[in-house]
Amino acid sequence: MSVEQQINELRRLLNEYNHKYYVENNPVVSDYEFDTLLRQLQDLERDNPQFDDPNSPTKRVGSDLSNSFRSVEHSFAMLSLSNTYSLEELHEWIERTEKEVGEVEYMCELKFDGTAISLTYENGRLLRAVTRGDGTRGDDVTENVRTIRSIPLVLTGEGYPDFFEIRGEIFMPYSSFDRLNAEREATGEQLFANPRNAAAGTLKQQQSQVVAKRGLDCTLYQLAGNHLPFESHAESLDAARRWGFKVSDCSRLCRTTSEIDEYISHWDSARKEMPFATDGIVIKVNRYSDRRKLGTTSKAPKWAVAYKFKAEQALTRLVKVTYQVGRTGAITPVANLEPVLLAGTTVKRATLHNADQIAALDLREGDMVYVEKGGEIIPKITGVELSERKAESEPLKYIDTCPECGSELVRYEGEAKHYCPNQSGCRPQILGRIIHFIRRKAMNIESLGEETIELLFENNLISNIADIYNLKASQLSVLPRLGEKSADNIMQSIENSKQVPFYRVLFALGIRFVGETTAKYLAAHFRSLDAVMTASREELVEAEEIGDKIADSILDYFADEKNRSIIERLRAAGLQFEAEERVVASEQLSGLAFVISGSFTDHSRDELKALIEAHGGKNLAAVSANTSYLLAGDKIGPAKLQKANKLGVKIISEQEFIEMIGGDTMPITSSPEQTLQPESTMQPEVGVQAEITLQTADSKSESKSKKDASDAPTPIQGSLF
């Protein structure tokens with residue numbers, strides 16, 4: 001047998017054993033035997049690089065090389081699903097569907113709570129894996145996806161199309177999630193809030209070697225392609241199983257409303273025993289001919305709907321309340337609970353927001369409390385079971401000094417939170433400001449992360465944001481977990497950050513109350529940092545969206561000599577302290593204020609914001625009496641929708657907005673990164689896990705994607721979510 005034949009036979013065997021273990025849950029060889037064969041293959045591939053194959057089983061272990069995620073156009077749009085939260089709404093959808101097409105078969109499936117993925121196969125081999133993104137374009141995460149062992153790299157069986165996509169959900173099983181958080185807790189790292197966030201964050205890791213160790217899984221639920229040889233969804237899933245894909249066995253073909261209701265009722269309870277998170281049921285019309293009759297909207301297919309389960313509650317004991325300090329000095333109380341299983345994860349902590357919430361709930365240590373985790377990322381306490389309260393319990397007394405540095409806390413007028421005023425001497429504030437500075441929407445120093453920042457701080461290499469620009473590769477390469485390559489990447493990222501536009505530099509400074517949107521208004525009004533620094537209180541409040549509170553915070557920041565010294569060092573480092581020239585397309589939206597909510601088909605939220613400003617309009621972060629229009633996409637925030645209806649704010653679609661500006665669909669900006677999504681500066685500073693990604697263009701891949709999408713008309717099978 002030749003070397004090439006040996007390699008191919010080992011690959012075939014390992015792929016077969018891998019499928020038996022991870023997809024069929026039926027191992028046929030021992031771990032030792034599998035590892036022995038894998039090592040043989042690794043040795044042969046190392047000695048014979050001419051036979052390298054990106055889909056070899058050896059690629060499952062990942063690489064320690066840094067990835068960068070290029071943007072890829074989907075050959076078939078990844079639409080979203082319409083949601084319903086009640087059986088009544090679901091029944092209305094069924095009635096509308098059957099009125100339009102007559103007798104219908106439905107496929108009911110579990111809605112996995114993870115992150116959507118589209119896998120492209122060419123001639124039976126994994127070609128590309130792309131995230132949903134905005135539905136039209138997503139990030140190419142192929143190298144990371146190759147490490148997920150339930151995803152076939154090479155298909156089995158026969159009859160699969162030469163070129164097709166299959167959509168599914170990448171998720172993190174509870175066992176992997178608990179193990180990952182236990183490891184992070186042991187090393188003092190911030191815990192992931194839930195398996196969904198952990199899966200999404202893991203998929204965007206810069207090193208596929210890290211992804212390989214985190215135990216992601218994947219289930220596939222929809223094929224997309226031109227001229228698929230099937231008449232129904234159920235038939236296509238059966239074929240996908242034969243080709244080696246992991247398809248859920250929990251699906252059920254239903255023909256009546258009562259059968260659908262029974263399926264939902266069963267899984268509303270049974271899902272709690274599943275080894276992964278689910279947040280609802282997807283109901284799809286089964287026959288493709290019926291789907292073609294129903295069609296799609298610009299946002300979602302009319303032939304499918306998601307029924308979302310109600311938020312879960314659990315009763316457990318409040319053991320103790322501790323306090324965390326954020327980068328602005330904001331104090332966030334955290335409830336430490338007796339561990340309780342909630343929505344499939346073990347909950348040990350819940351946010352309490354501020355002293356007022358504690359008082360409103362009349363919380364006492366030792367109380368039995370109700371914890372909820374519906375759409376919330378961080379569990380919250382919703383009530384107290386007073387019948388369980390001990391007679392000797394006493395009301396909680398909120399702290400009056402900082403738990404980190406001992407400074408006396410202050411509470412500013414009109415503020416719900418307490419603050420530690422010791423900005424320059426309180427460790428969490430110092431680290432928090434530096435971490436805020438490097439994040440993607442600020443200076444985007446993507447090779448630095450929270451762990452590296454703490455490492456640099458502990459080694460006395462940085463104590464403020466300006467110190468970053470004095471770092472040398474020789475100082476970094478000798479530190480634990482780094483090395484020459486990582487050091488070079490960090491230095492290059494630091495150098496690249498000097499080109500970040502002025503409004504993001506202003507946001508990155510971390511001035512209290514100056515979020516992304518406020519920084520943008522300040523940059524547009526004053527045009528330079530010097531002008532902001534020398535502005536009087538009266539001049540500051542003349543800028544859009546700048547009130548007395550923000551003006552006072554800006555004045556306080558620049559009155560601090562330490563901050564001014566840092567500014568001068570950043571200036572010397574070469575950061576952008578002046579705004580680029582503005583380009584205005586028209587004044588069609590002059591005097592109009594917009595709030596954007598949801599996801600859109602033809603534009604990203606950033607592009608829509610750029611269009612609003614290019615035509616003279618103004619972007620607002622929240623709906624208020626000053627809002628002219630709520631520009632609503634799919635999955636609009638319910639709070640914004642409710643407030644818009646209450647205030648009588650007109651709600652418009654993406655298409656209606658484009659018509660308002662005369663069909664202009666090209667955002668006019670002087671920088672592709674000039675528009676940022678508003679982000680509240682007052683959110684709790686706990687339970688947040690930042691993941692940094694870099695997008696680059698690849699014109700060759702983009703042109704191929706466009707060609708694949710335009711070669712033939714897209715059938716209804718291709719219009720998927």
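Residue indices begin at 1 and follow the sequence shown.
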Visitor: Please determine if Asp53 and Arg125 form a salt bridge, counting it only when a charged side-chain N lies under 4.0 Å from a carboxylate O.
Guide: yes
Visitor: Would you name the heavy atoms of Gly135 and His74 that are closest together and state the gap between them?
Guide: O-CD2, 3.4 Å
Visitor: Would you say that Ile281 contacts Tyr263 through its side chain, given a criterion of any heavy-atom pair below 4.5 Å between the two side chains?
Guide: yes
Visitor: Report yes if some heavy atom in the side chain of Arg349 is under 4.5 Å from a heavy atom in the side chain of Pro379; otherwise report no.
Guide: no
Visitor: In Å, rounded to the nearest 0.5 Å, how long is the span from CG of Leu220 to CD1 of Ile117?
Guide: 10.0 Å
Visitor: Dump the intermediate steps for side-chain contact (heavy atoms from CB on, under 4.5 Å) on Thr97 and Trp303, then the final yes or no.
Guide: CA-CA 8 Å; Thr97 300; Trp303 43 263; over 6 Å; no
Visitor: Quick one: pull up OG in Ser176 and CG in Asp217 and give me the separation to the nearest 0.5 Å.
Guide: 8.0 Å
Visitor: Any side-chain donor paired with an acceptor under 3.5 Å for Ser118 and Arg167?
Guide: yes
Visitor: State, without any angle test, whether Glu372 and Thr382 hold a side-chain donor-acceptor pair at a distance under 3.5 Å.
Guide: no
Visitor: Considering all heavy atoms of both residues, which atom of Ala300 and which atom of Ser80 are nearest to each other, and what is their separation?
Guide: CB-O, 3.2 Å
Visitor: Determine whether Val145 and Leu216 satisfy the following criterion, side-chain contact (heavy atoms from CB on, under 4.5 Å), listing intermediate values before the conclusion.
Guide: CA-CA 9 Å; Val145 164; Leu216 292 179; over 6 Å; no
Visitor: Salt bridge or not for Asp139 and Lys204, using N-O below 4.0 Å?
Guide: yes
Visitor: How about Lys348: does its NZ atom have over 12 heavy atoms from other parts shown lying under 6.0 Å from it?
Guide: no
Visitor: Using distance alone, with no hydrogens and no angle criterion, decide if Arg271 and Thr278 have a side-chain donor and acceptor under 3.5 Å apart.
Guide: no
Visitor: For Ser75 and Glu165, what are the C-alpha separation, side-chain angles and deciding distance, and is it a side-chain contact (heavy atoms from CB on, under 4.5 Å)?
Guide: CA-CA 8 Å; Ser75 300; Glu165 293 184 29; 3.1 Å; yes
Visitor: Can you see which heavy atom on Tyr307 is nearest to which on Ile283, and at what distance?
Guide: CB-CD1, 4.1 Å
Visitor: A side-chain contact here means heavy atoms from C-beta on lying under 4.5 Å apart; do Leu38 and Leu14 qualify?
Guide: yes
Visitor: Is the closest side-chain heavy-atom distance between Val369 and Leu337 below 4.5 Å?
Guide: yes
Visitor: What distance do Tyr370 atom OH and Leu315 atom CG have between them, rounded to the nearest 0.5 Å?
Guide: 5.0 Å
Visitor: Of all the heavy-atom pairs spanning Ser248 and Arg241, show the shortest one and how long it is.
Guide: O-NH2, 2.9 Å
Visitor: Is the cationic atom of Arg605 (NZ for Lys, CZ for Arg) positioned less than 6.0 Å from the six-membered ring centroid of Phe600 and within 45 degrees of its normal?
Guide: no
Visitor: Consider only side-chain N and O atoms of Ser236 and Tyr288, and report whether a donor and an acceptor are under 3.5 Å apart.
Guide: yes
Visitor: With a 4.0 Å cut-off, would you call Arg96 and Glu100 a salt bridge?
Guide: no
Visitor: Between OG1 of Thr147 and CD of Gln205, what distance do you get to the nearest 0.5 Å?
Guide: 10.5 Å
Visitor: A side-chain contact here means heavy atoms from C-beta on lying under 4.5 Å apart; do Asn8 and Arg12 qualify?
Guide: no
Visitor: Roughly how far apart are Lys284 NZ and Leu253 CG, rounded to 0.5 Å?
Guide: 12.5 Å
Visitor: Check for a donor-acceptor pair, side chain of Asn15 on one end and backbone N or O of Arg11 on the other, with a separation under 3.5 Å.
Guide: yes
Visitor: Do you know the tightest heavy-atom contact between Pro339 and Thr316?
Guide: O-OG1, 4.5 Å
Visitor: Who passes side chain to side chain contact (heavy atoms under 4.5 Å, CB included) against Lys302, sequence neighbours left out?
Guide: Leu294, Thr297
Visitor: Can we say Glu183 and Arg179 salt-bridge, meaning some charged N sits less than 4.0 Å from an Asp/Glu carboxylate O?
Guide: yes
Visitor: Taking only residues two or more places apart in sequence, or in another chain, which ones meet Arg287 in a side chain to side chain contact (heavy atoms under 4.5 Å, CB included)?
Guide: Glu105, Ser289, Asp290
Visitor: Test side-chain contact (heavy atoms from CB on, under 4.5 Å) on Val595 and Leu631; report intermediate values, then the result.
Guide: CA-CA 6 Å; Val595 171; Leu631 178 48; over 6 Å; no
Visitor: Considering non-hydrogen atoms only, spot the tightest contact between Pro161 and Trp243 and give its length.
Guide: CD-CH2, 3.7 Å
Visitor: Given side chains that start at C-beta, do those of Ile652 and Leu630 come closer than 4.5 Å, heavy atoms only?
Guide: no
Visitor: Under the ring pair (Phe, Tyr, Trp, His ring centres under 6.0 Å) definition, can you give me all pairs with a residue in residues 110-144, not counting sequence neighbours?
Guide: Phe112-Phe171, Phe112-Phe276, Tyr121-Phe164, Tyr121-Phe245
Visitor: For a 4.5 angstrom cut-off between non-hydrogen side-chain atoms, does Gln206 reach Phe69?
Guide: yes
Visitor: Is the shortest heavy-atom distance from the side chain of Ile166 to the side chain of Tyr221 under 4.5 Å?
Guide: no
Visitor: Tell me, yes or no, whether the heavy-atom count around Glu262 atom CD, taken from other residues, nucleotides or ligands under 6.0 Å, exceeds 12.
Guide: yes
Visitor: Tell me if the CD atom of Glu659 is crowded by more than 12 foreign heavy atoms within 6.0 Å.
Guide: yes
Visitor: With rounding to the nearest 0.5 Å, note down the distance linking SG in Cys218 to CG in Leu203.
Guide: 9.5 Å
Visitor: Is it true that a side-chain atom of Glu89 and a backbone atom of Thr84 form a donor plus acceptor pair closer than 3.5 Å?
Guide: no
